[in-house]
Amino acid sequence: MPDALRILMPLLISAVGTGLVTGSGARWPRSAAPLAITTAALAVVATLMMRTGASVDYVWAPQWGLRLNLATDGLAKMYSLLATGVGLLVLIFAAGYIPRHLKHTHSGPERGARFFSLILLFMTAMIGLVMAQDLILIVIFWDLTAITSYYLIGFDHQRSDSRRAALTALLVTIISAIFLIAASALLLNDLGTASAPEILATAQAGRTVTIAGALIAIAALAKSAQAPFHFWLPRAMAAPTPVSAYLHSAAMVAAGVFLLGRMHPLLALSPRLLDALVVVGFSSMAVGGVMALAQPELKRLLAYSTIGQYGYVVVLLGLGEVAAAAVYVLVHALIKSALFLTAGAVTEATGEVRLDHLGGLGRQMPLLAFGGGLAAAGLAALPLTAGFFKDEVFFAGADGRGGIVPFLAVAGAIVTFAYTWRFWSGIFAGPRRATARPIPWLLTAPVVVLGLLVLVFGLVPGIIVYLTREAGSTMAGAPVLLDLQYHLNLHAPNVMALATWTGGLALTTTARFWLPLPRRIALWARHVGPDRAAARLVRGLYLLSRRMHVYEVQTLQQRIGTIFVGAAALVGITIVFAPPWPTFHVGGLPVTDWPLVLFLVLAGLSGVVATRARGRLSLVLALSAVGYSMSAVFSFIGAPDVAIVAVLIETVMTLLLLGVISLLPRDSVQHRTAERERQRRGSWVVGVLAAAFAFIVAWGVLSRPAPDATMAREHLNLAPSAHAADVVTAILADFRGLDTMGEITVIAVALLGTLTLFATRARTERR
Amino acid sequence: MSTLLVRGVARLILLPTLVTAVAFLVKGYASAGDGFSAGVIAGAAVVLQFLAFGPRELIDRFPVLHYAPWLTFGGLLLGLLTAFVPVLLGDPILTHYPRAGEHVAHVGLLAMHTAVLFDVAVFMVVFGFVVSVLGLIGGIGVEGEGS
């Protein structure tokens, strides 16, 4: 199937490359960087050659409607171009950066190889995510990006802030992914399909769709680091610079707005949801902008800038300007990766991370100042750069909505202008405060390339249109008009842009007077921000779980008690909140069932005997009497297979227990101490509680009207055609064979665990 | 517990029990019984020997029991093969051959059917598990006595 191959090419190249780099990097660490760069370059070419409108659809679990459905639509093409293109430049930068980083952190070269394979895995997950057309598949790739980012952010795992940052990012993005899973389940239940195009085509405005849309939006906003879930992103600065550059521009954070775009027609069914997006977007712009103004550290400033910039995108999506959102994502990715790489290169050259320790480096690093300057000009939306158009479409969208929105838009842009100037001028302009050591060209070249791209895209805006129009059409579900060119007149976006530059200049020239204000806000936010609430929550949960664990492992009684009481509580909650049956009722007892009662009484008596048993042997025998009585019950109600298995299991268990007892030292008399008395009383409580709930559940199930027998009848009818005279065997080996497969796997894994346990024990005993 | 009587009985019923186990496995498609029951019966036979002769003597008499874990993992492999080979042939997972409606050859009661192969896998896993765990427990017991 060459067609399918061509569609999957970027994904396959990237996946195979990940494997190659992992394998060869473990052997020859030096080969990792060139291999990774080659892979990314091939993936870029494959993405550029991608024909849009084709799809691969393979049903791999028809019972559950799970499909391996990947398609190359405009949206997928744009985002995979970003993932591979920016990924390529980031990898080139990393080829120069990582060896030095390893030297700083005193790590071996094999860690570097790991870095390159992780970045490629990230790229693979991203390409898979943007091509996936099935919500379940989206969830899988979504979580894969989160897990990969965990390892990348925590790359310097010897540092505790790295580890904490990685965990925060993982918790925020994985927990929010549960909302995405819930939304998928809702839609699957409501519309009968998990396929995104089918959902978008058939969904009707309504409560379920609104809830599903809101859940999807929460997952996406958390991933895109929008307020109030933004706090994981500035922390993630603990990652090596290439990771930050990639994370902030083309991967991870971009995945959130991508999902909003992919499901946009669904969100658009509930206007209130879109309004909420506008609010969240503006809040993030405010948080990101103000905090970026206050940050003293280079990468932290850029991190807050990313929060604000994705706020723009979320606002545009909320306004329904999907094509504009695509333009914004594309342009921002180029700019932000360039700025991060600039910051990384500067820190590498000077060893400084703070703005107030830097300055006047323009002379010493002219190329970097040039490339970074172009990117900064783009972020500040100066004309002749691609950034001009990102603000132009933003202003046009805001102007279309009217009201207070255009003013907020200009205010946000002014703040962006101010912190961008603060970033660039703080490094390259002004008096010289630091000396730069020479750095390899690999660190400078990607910045210059990205900066030039920003310039070229600004000079020839047709390229932007070419790259984003199809993405916009995919998101809108219909062809969209997108026309970018310079208008030399006073239409609204131009006026707003002029207002931005004027306001921005005014703000930068008066920085001295107002700068303490955002600093104070930043200080205050450290005490009340969501960051702190999340940390408290995590810590509280940890303490709770630890306390429960300590209680549970003290004695066998406490362990069993925890399980029983916990199970009883769960059952109790279910019964209280969702009684699945209307009433309990007492049935009759036909004469034919009397023998059953006899054996049940026998089982009960044996149970009582078991609690009174003194010696181990009598205990084992009493317990097996319970089991045999129950087997007899099964055989009476016409379940010979169950009865046979029950008898067999009972026999083997009894024999095994006897065998174990024969190995134990002689049965010592049980001491009747006060401690033991207390435990006995506790056992009574637990036993009565567990029995009560088991009774309620059994009663409830038996009170239900006779279960639907169609499934059983169908199995009975099908058994002969499965060449089986015995239906139970046919069910085990054929109809529900997959279950059996799972069960024997569990047995094998249990054996593996037991073997390991005994092996460790033997080893420790020998010592 | 290892009285003369127990030893005698254990020795006597070992073979019949194993034959019963095989019968359960083979006739599973005709009437009650399947790989799981067969595995448990065979396991019970070994447990009885264990009780009668103790871990040391049992292992001396049947050194092959050392390889019981491999039986489990081999069974798992066989199960996975019967499950996934159909996928390579383009059929759904765990398709059994001959397919429904086609003729199945019989050798006595034994059906020449891949579902039986799957049942054999279940048997191997279960039997191997019982014997391995027994061996592990017994092995520790012996070490405990020595120290």
Side-chain angles (χ1 to χ4, degrees), chain A residues 60-63 617 639-645 647-649 651-656 658-665 718-726 728-738 740-741 743-752 754-755 757-759 761-762 765-766, chain B residues 1-2 24 27-37 40-41 43-44 47-48 50-51 54-55 69 72-73 75-76 79-80 82-83 92-94 96 98 100-102 104 111 113 115-116 118-119 121-122 124-126 128-130 132-134 136-145 147:
Chain A
W60 59 282
Q63 307 92 307
L617 195 61
D641 279 274
V642 182
I644 285 180
V645 171
V647 167
L648 289 172
I649 291 287
T651 309
V652 167
M653 274 313 284
T654 311
L655 287 176
L656 259 180
L658 288 178
V660 172
I661 286 177
S662 75
L663 295 169
L664 289 175
L718 277 175
S721 62
H723 308 295
D726 181 26
V728 175
T729 314
I731 290 173
L732 283 178
D734 204 335
F735 306 148
R736 311 290 307 176
L738 215 53
T740 313
M741 190 65 230
E743 281 148 18
I744 62 174
T745 313
V746 168
I747 297 181
V749 171
L751 178 60
L752 203 62
T754 319
L755 284 170
L757 210 63
F758 274 96
R761 192 159 150 191
E765 272 172 9
R766 220 172 291 139
Chain B
M1 233 181 292
S2 49
F24 257 71
K27 81 179 179 71
Y29 264 58
S31 70
D34 49 41
F36 182 81
S37 316
V40 178
I41 295 175
V47 177
L48 194 63
F50 178 89
L51 281 178
T72 294
F73 299 125
L76 184 63
L80 285 173
T82 43
I93 196 168
L94 260 173
H96 289 305
E102 293 166 22
V104 177
H113 191 224
V116 176
F118 187 63
D119 240 14
V122 175
M124 287 165 72
V125 170
V126 174
F129 179 81
V130 174
S132 307
V133 170
L134 192 72
L136 285 169
I137 296 171
I140 289 295
V142 170
E143 260 177 41
E145 276 167 15
S147 60

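Just so we're on the same page: letters track the sequence lines, and every chain starts at 1. All heavy atoms count here, side chains included; hydrogens, waters and symmetry mates do not. Keep in mind that this is a model prediction, so the values were computed, not measured.
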**Q** Taking every non-hydrogen pair under 4.5 Å, which of A:Thr745, A:Thr654, A:Val652, A:Ile744 racks up the most with chain B?
**A** A:Ile744
**Q** Among A:Leu755, A:Leu656, A:Val647, which has the most heavy-atom pairs under 4.5 Å with chain B?
**A** A:Leu755
**Q** Determine, stepwise, if the pair B:Phe50 / A:Leu655 fulfils side chain to side chain contact (heavy atoms under 4.5 Å, CB included).
**A** CA-CA 9 Å; B:Phe50 178 89; A:Leu655 287 176; over 6 Å; no
**Q** How many angstroms lie between CZ in B:Phe73 and OG in B:Ser132, if you round to the nearest 0.5 Å?
**A** 7.5 Å
**Q** Report which part of A:Ala643 has an atom under 4.5 Å of a heavy atom belonging to chain B: side chain, backbone, both, or neither.
**A**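 Answer is neither: A:Ala643 stays 4.5 Å or more from chain B.
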**Q** Are the side chain of B:Thr72 and the backbone of B:Phe129 linked by a donor-acceptor contact shorter than 3.5 Å?
**A** yes
**Q** Decide side chain to side chain contact (heavy atoms under 4.5 Å, CB included) for B:Leu134 and B:Val47; before the verdict, give the C-alpha distance in whole Å, the side-chain angles of both, and the deciding distance to 0.1 Å.
**A** CA-CA 7 Å; B:Leu134 192 72; B:Val47 177; 4.2 Å; yes
